[in-house]
4 protein chains.
Amino acid sequence: MSTVLKQQDDTPGELAVETVSRRPQQGRSKASLERMLNTARELMVERGSEEFTLQEVSQRGKVSIGSIYLRFESKDNLVRAVIGNALEQIAAEEDAMLAGVKAKSRSLADFIPRYVEDYAEVLKENAPLLRLAMQRAEIDPQVSAPGKRSAFRSQEISTNAMLEYREEFGGDDHEIKANAAFQIIFSALARQLSLGSLRESVHDYNWELHKRELGRMALAYLKADI
Amino acid sequence: MSTVLKQQDDTPGELAVETVSRRPQQGRSKASLERMLNTARELMVERGSEEFTLQEVSQRGKVSIGSIYLRFESKDNLVRAVIGNALEQIAAEEDAMLAGVKAKSRSLADFIPRYVEDYAEVLKENAPLLRLAMQRAEIDPQVSAPGKRSAFRSQEISTNAMLEYREEFGGDDHEIKANAAFQIIFSALARQLSLGSLRESVHDYNWELHKRELGRMALAYLKADI
Amino acid sequence: MSTVLKQQDDTPGELAVETVSRRPQQGRSKASLERMLNTARELMVERGSEEFTLQEVSQRGKVSIGSIYLRFESKDNLVRAVIGNALEQIAAEEDAMLAGVKAKSRSLADFIPRYVEDYAEVLKENAPLLRLAMQRAEIDPQVSAPGKRSAFRSQEISTNAMLEYREEFGGDDHEIKANAAFQIIFSALARQLSLGSLRESVHDYNWELHKRELGRMALAYLKADI
Amino acid sequence: MSTVLKQQDDTPGELAVETVSRRPQQGRSKASLERMLNTARELMVERGSEEFTLQEVSQRGKVSIGSIYLRFESKDNLVRAVIGNALEQIAAEEDAMLAGVKAKSRSLADFIPRYVEDYAEVLKENAPLLRLAMQRAEIDPQVSAPGKRSAFRSQEISTNAMLEYREEFGGDDHEIKANAAFQIIFSALARQLSLGSLRESVHDYNWELHKRELGRMALAYLKADI
DNA sequence: TATGAATGAGTATTCATTCAT
DNA sequence: GATGAATGAATACTCATTCAT
């Protein structure tokens with residue numbers, strides 16, 4: 001895979017398989033498409049990087065190399081499709097998660113800890129691919145564009161959910177507070193999940209504790225009259 | 001550079017040049033060692049990745065390829081040395097930064113915002129290599145081990161500094177609060193600097209604003225009677 | 001298309017579609033056969049080479065790849081058929097051209113300049129495919145054999161036409177003169193049109209003889225008071 | 001070797017090994033350079049085309065693939081170097097040939113047949129590579145440019161040699177006659193040797209003029225009492 | 001008969017590492 | 001010690017041909 005990423009021909013900025021893949025799939029050959037995507041995802045998760053060969057996808061996934069190129073213009077596009085799928089799935093999980101949390105919560109004090117808890121679960125589940133998506137976004141505009149859209153959307157729906165409890169907020173600018181809260185929460189969770197890594201789980205700093213304190217912090221901040 | 005990272009022969013877990021490099025250097029050849037390390041660092045920073053060739057280091061740095069292999073067992077080890085140096089330098093800068101901040105601060109309310117501000121500067125300065133260090137730590141135990149030590153040290157000294165103002169803390173468990181505060185602060189700064197990327201600069205979420213709110217949040221949290 | 005050209009199974013040495021193609025065609029599928037031949041010819045003329053893919057023929061010509069293999073044993077045979085068709089068409093054009101020139105000419109001095117002029121037109125018209133035919137004849141016996149036959153025929157009818165004015169010839173061996181004249185004319189035209197080889201050593205036209213006559217011709221020309 | 005020919009970085013239009021190759025060679029490694037050039041030339045002559053693999057050059061020529069890329073930026077450049085060498089050698093042989101022929105000839109009638117004879121020998125000797133050079137010139141500007149220069153030079157020195165006997169010429173425009181004579185002689189020899197195109201439209205030699213003179217030549221020859 | 005999805009052998013190129021000088 | 005030329009394994013991608021439907 002070349003250092004210089006190969007641009008896609010059509011609408012740039014979309015990663016959905018229908019866009020990145022060469023033709024809409026039906027029936028039998030859908031299975032083959034599935035197999036190559038799954039195998040590629042497996043290898044990416046296993047290795048924590050895009051350093052797999054198409055040879056490997058071919059053998060492990062029982063798909064011929066030619067087949068891969070029948071669906072994807074390049075290895076880069078295959079990788080993009082895997083990432084695109086993951087982003088889509090995460091978005092769906094976020095929606096479901098938020099709906100669930102909102103249903104159970106009567107107050108901000110109900111909502112925030114549950115939200116932190118459940119959002120952490122969603123991210124944890126998808127951490128390996130999310131990590132790769134982030135890494136790649138740094139250098140591939142074709143991933144960074146939809147990546148940002150996806151991030152924007154997360155922030156939007158999370159912030160809106162918080163703002164449903166705005167009469168409980170302290171201070172004036174509720175939007176700023178909600179956005180900052182989202183940012184801090186996401187940052188902290190992301191770091192904890194090595195979404196941008198290093199100091200990861202430094203000396204067993206407790207994950208459960210971390211989440212609890214994070215929730216408390218956000219709550220105190222949001223309620224504070226600063 | 002192979003996918004499977006080559007283990008070092010001697011004590012694993014140290015990145016200091018004296019460890020990663022093959023022999024202690026003096027005089028003339030010290031200059032050559034310096035040149036290869038500097039050139040490699042330059043290339044890594046320029047590219048934002050380890051995708052440079054030894055050919056390039058050789059030409060740009062006026063060092064023969066043979067020389068490089070005389071000092072380093074492999075390209076991997078050269079990269080590790082660069083990262084090791086960077087971690088050491090960052091540690092020194094953190095020390096200096098903390099000393100400065102403490103000297104100027106009479107209260108927690110003095111300390112926290114200055115700390116956030118100046119720590120952000122230190123990280124920003126070193127972001128490119130820190131990013132690489134984090135990326136690599138994910139897959140290379142030889143980087144992740146000293147990386148963790150370095151992170152541990154940062155947390156230690158930062159936390160201790162905060163605890164010098166512990167009588168101003170609210171709540172009971174001051175250690176937990178200080179550690180959580182450090183975690184949250186570092187997470188948020190790291191994300192903002194793309195140290196672990198993606199959602200980076202989503203719709204111009206303001207850097208100055210972010211830092212201010214982060215400081216307020218930490219302060220409110222620390223002072224809160226939760 | 002492999003370097004080593006695949007031999008045809010049946011009678012080698014013929015390129016007519018009926019020979020190179022797998023089965024005689026009628027009605028509806030005749031149109032499809034036409035489409036693949038035309039598309040292949042188009043691509044060959046456009047590129048000036050055989051570097052087109054069957055995929056391209058399939059898409060541009062609205063013919064399935066399977067259809068092509070139903071008519072032709074291999075891509076090589078498709079190419080041969082295109083060349084065979086072109087050679088046939090050129091032969092027909094040569095016949096018509098000669099008839100026209102002869103009808104208008106009353107003497108050798110009438111005939112020769114017209115012949116040169118009109119033959120040049122015929123060759124120019126068909127230059128792109130003729131060029132390919134010649135190139136391929138060099139390495140593919142299945143093209144060189146009918147190519148030679150076709151060249152032989154051209155020389156035959158051209159020479160015979162000249163010999164209708166033999167009483168105007170100087171010297172003794174009129175056949176030799178006529179043949180040499182044809183060779184020189186064709187060579188010069190071919191070179192001017194970048195045609196290249198083909199008719200190489202057509203039926204043992206003697207090399208030593210050729211060189212002697214070439215010298216004489218140049219000499220006569222150079223010394224002539226025209 | 002890609003359809004789209006890779007352009008050279010430095011001065012375009014020269015094929016001498018010193019230009020096409022990556023670095024000046026001396027001593028030991030000169031032998032290796034020689035081996036790869038010879039092996040490539042052998043394969044090109046054997047196959048009558050550029051369809052050899054670097055694998056083959058590596059094995060047959062006892063040179064590692066890496067070595068080839070040490071000297072040549074691409075397979076295309078290796079091919080160009082082989083062709084460039086051949087063109088240079090031919091130029092030298094032409095010079096020697098012309099000197100020899102002139103030394104032996106006292107009149108145009110002496111000169112022309114010897115020239116035809118000896119030039120034929122030079123071309124015959126180098127036919128295989130010349131054929132390839134011409135083929136490639138058609139599509140590769142980096143070969144066609146020096147190819148034309150080389151052709152121009154041939155025409156220049158041959159024409160000048162003929163013109164040393166200009167007082168024996170008939171007619172008026174001796175330059176035109178000499179040039180036409182060269183063209184016809186070269187064309188005929190080239191065709192006989194299956195050389196193909198190259199010298200195409202060397203310095204705008206006029207097509208209409210060429211045809212007129214061609215007719216005159218044929219006519220003079222046919223009517224001559226030789 | 002007709003289709004076009006699937007196959008996989010084949011090839012140019014890169015670059016970490018070695019080793020003769 | 002120091003050099004940098006030589007090595008060759010490894011890898012993305014193409015396209016003629018096959019064959020299940």
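Chain A is the first sequence line, chain B the second, and so forth, proteins listed ahead of strands; every chain is numbered from 1. Side-chain atoms are counted along with the backbone in the values below, which use heavy atoms only and exclude waters and symmetry mates.
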Length of the line joining B:E73:CD and E:dT18:C1', which is rounded to integer Å: 14 Å
Atom-to-atom span, CD of D:E51 to C1' of E:dG10 - whole angstrom: 12 Å
Pairwise 5' ranking along DNA chain E for A:S67 and B:G66, keeping only the more 5' one: A:S67
Electrostatic pair A:E56-A:R47, nearest N-O below 4.0 angstrom: yes
Whole-Å gap separating C1' (E:dA12) and CG (D:L78): 12 Å
Separation of atom CE in A:M36 from atom P in F:dC13, rounded to whole Å: 15 Å
Contact list for DNA chain F against residues 55-65 of chain B - heavy-atom distance below 4.0 Å: B:S64, B:I65
Pair A:E34 + A:R41, salt bridge at N-O below 4.0 Å: no
Sugar-phosphate, base or nothing in reach of B:L54, heavy atoms under 4.0 Å: base
Any D:R71 side-chain N or O less than 4.0 Å from OP1/OP2 of F:dA5: no
Helix axis bend for the helix from E:dA2-F:dT21 to E:dT21-F:dA2 - C1'-based end axes, five pairs, 10° rounding: 10°
Pair B:M36-B:S67, side chain to side chain contact (heavy atoms under 4.5 Å, CB included): steps then yes or no: CA-CA 9 Å; B:M36 55 187 95; B:S67 293; 4.0 Å; yes
Any C:S74 side-chain nitrogen or oxygen under 4.0 Å from OP1 or OP2 of F:dA16: no
Reference residue D:V82; test side-chain contact (heavy atoms from CB on, under 4.5 Å); the match among D:N77, D:L129, D:L132: D:L129
Salt bridge (charged side-chain N to carboxylate O under 4.0 Å, His left out) against A:R60, all qualifying residues, sequence neighbours excluded: A:E42, A:E46
Euclidean distance, atom CG of residue D:N77 to atom C1' of E:dT13 [Å, nearest integer]: 14 Å
B:L70 CG - F:dT3 C1' separation (whole Å): 10 Å
Atom of C:S144, atom of C:A137 and distance for their closest heavy-atom approach: CB-O, 3.2 Å
For atom OH of D:Y69 and atom P of E:dT13, their distance in whole Å: 3 Å
Nearest-Å distance for atom pair CZ/C1', residues D:F52 and E:dG10: 16 Å
Face-on cation placement of A:K75 at A:Y69 ring, 6.0 Å and 45° thresholds: no
Residue pair B:R35 / B:N38, side-chain donor-acceptor N/O under 3.5 Å: no
Touch class at under 4.0 angstrom, heavy-atom based, for B:T53 against every strand present: sugar-phosphate
Verdict with reasoning, B:L54 to B:F72, per side chain to side chain contact (heavy atoms under 4.5 Å, CB included): CA-CA 12 Å; B:L54 293 187; B:F72 299 97; over 6 Å; no
